[in-house]
Amino acid sequence: MPVLVMKFGGTSVANPDRIRRAAKRVGVEVAKGYDVIVIVSAMSGKTNELVGWVNETSPLYDAREYDAVVSSGENVTAGLMALTLQEMDIPARSWQGWQVPVKTTTAHSAARIEDIPPENIMAKFAQGMRVAVVAGFQGISPEGRITTLGRGGSDTTAVAFAAAMGAERCDIYTDVDGVYTTDPRISSKARKLDRIAFEEMLELASLGAKVLQTRSVELAMRYNVRLRVLSSFEEQSDDAGTLVCAEEEIMESNVVTGIAYSRDEAKMTLLSVADRPGIAAAIFGPLSDAGVNVDMIIQNISEDGQTDMTFSCPTDQVMRAEKAMKDAVAAGQIEYGDLMADTDVAKVSAVGIGMRSQSGVAAQMFKTLSDEGINIKVISTSEIKISVLIDRKYMELAVQALHDAFQLDKAG
Ligand code: ASP
Ligand code: MG
């Protein structure tokens, strides 16, 4: 029988009543003839509570025990979901990650899935089981310890199972009814997309649209898993939600598909660094070693052999970046005049695969921002994305203006 993966996020399994509603959706697919793998998140708020308990108990915690604690929320919902399905006379059982087993790396709290042998679950399907309920977000390391996949990791569990089991589709049930052209809380004109290409979704996910864990989209793209994002709170038709799929499956689209933003950006500038070969490596090597996620980089023109180097990173990594730079000075690797941190900035980006073949998008973006009197501090581009760093107070305005300028309220 064909296999379908259905993933339910925290709000969709927030209490026994919601679990029952989700189980009814599963029942619909079972009735259509699918063997279903259900991936569950913890009840909404649960993982945060568990993380809080760990921090309260041991601020500099052992990451292996952190994983032992925070993975437990999913164990509860997996068991409850299996019980609910059994009450509906659907043959089902729960699986914790290690039982499958979901084999991961040892990187506790940020482990990667390496392999999911399908045999155990497939054998149960062959014996008449119709639903395998799997606890998302968790796995087992080569050392036999419980691991977790990073916040939002159940999405990645779901896609990995879809790839491993050759599922027809991976449906991600959440509290929004799909992927939008931008955040509907910021622009009332935001429009739900019927389809979006993997590459675009990847950019939007990593740029701060929090619908899917970035890693899950990377996996879906690599294994060509058709991914559907849809609401567990609405009656569903077969074409509900947004399908994340290969570019070839998208017939028409706008040049720009979506406007994303990220509120928590910081702009750091190293003043008067020596402009010599190797200086970029000497700066960004230590930043990377310190775990700072550098995003945009600008090296200004140099004068008298000195230059200014600007980069952006998440706001909560500013202290780490400053320490890494001071340590590099102490180690004699670099010298600079001053280090300035501007933490009142935000990043706004336009994303669309149409940019590959159409020019003028950047010009239109800059003109739109200038018409609103918004100053651009840093610019970066990729083949399908243009990002700008601006003062945070203009973020909403910029998103709305760009959404209007690229006419994203209208389908392409
Ligand atoms: N429960 C985990 C979290 O809140 C994993 C997930 O829900 O995807 O991050
Ligand atoms: Mg999530």
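All ligand and atom numbering here is 1-based and tracks the order in the structure.
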Asker: Looking only at distances, can you tell me whether any N or O atom of Thr47, backbone or side chain, sits closer than 3.5 Å to an N or O atom of ligand 1?
Answerer: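 Yes; the residue has a nitrogen or oxygen that sits under 3.5 Å from a nitrogen or oxygen of the ligand.
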
Asker: Will you find, in the side chains of Asp183 and Tyr261, an N or O donor that is under 3.5 Å from an N or O acceptor?
Answerer: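 Looking only at side-chain atoms, Tyr261 and Asp183 do form a donor-acceptor pair, the distance falling under 3.5 Å.
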
Asker: Compute the minimum heavy-atom distance from Gly152 to ligand 1 and say whether it is under 4.0 Å.
Answerer: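 So Gly152 counts as touching ligand 1.
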
Asker: To check your reading of the model: name the closest protein heavy atom to atom 6 (C) of ligand 1, its residue, and the distance in Å.
Answerer: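 Its nearest protein heavy-atom neighbour is Ser154 OG, 3.3 Å.
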
Asker: Between the side chains of Glu265 and Ser262, is a donor N or O closer than 3.5 angstrom to an acceptor N or O?
Answerer: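 A donor-acceptor contact under 3.5 Å links the two side chains.
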
Asker: Hydrogens and angles aside, do Thr104 and Ser141 bring a side-chain donor and acceptor to less than 3.5 Å of each other?
Answerer: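 Checked: Thr104/Ser141 side chains show no N/O donor-acceptor pair below 3.5 Å.
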
Asker: Quick one: does Gly73 get within less than 4.0 Å of ligand 1, heavy atoms only?
Answerer: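 No.
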
Asker: What's the shortest distance from atom 4 (O) of ligand 1 to any protein heavy atom, and which residue and atom give it?
Answerer: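 Its nearest protein heavy-atom neighbour is Arg151 NH2, 2.9 Å.
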
Asker: So which bit of Glu74 gets within less than 4.0 Å of ligand 1, heavy atoms only: side chain, backbone, both or neither?
Answerer: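 Glu74 to ligand 1: side-chain contact only, backbone stays beyond 4.0 Å.
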
Asker: What residue and heavy atom of the protein are closest to atom 7 (O) of ligand 1, and at what distance?
Answerer: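 In this structure, atom 7 (O) of ligand 1 has Ser41 OG, 2.8 Å as its nearest protein heavy atom.
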
Asker: Looking at Glu87, I'd like to know if its CD atom is crowded, meaning that more than 12 non-hydrogen atoms belonging to other residues, nucleotides or ligands lie closer than 6.0 Å.
Answerer: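 Not more than 12 within 6.0 Å, no.
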
Asker: When you look at CZ of Arg191, are more than 12 heavy atoms from neighbouring residues, nucleotides or ligands closer to it than 6.0 Å?
Answerer: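 Yes - once you tally the heavy atoms of other residues, nucleotides and ligands closer than 6.0 Å, there are more than 12.
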
Asker: Parallel, tilted or perpendicular, judged at 30° and 60°: which one describes the rings of Phe284 and Phe311?
Answerer: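 Answer is perpendicular, since the angle exceeds 60°.
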
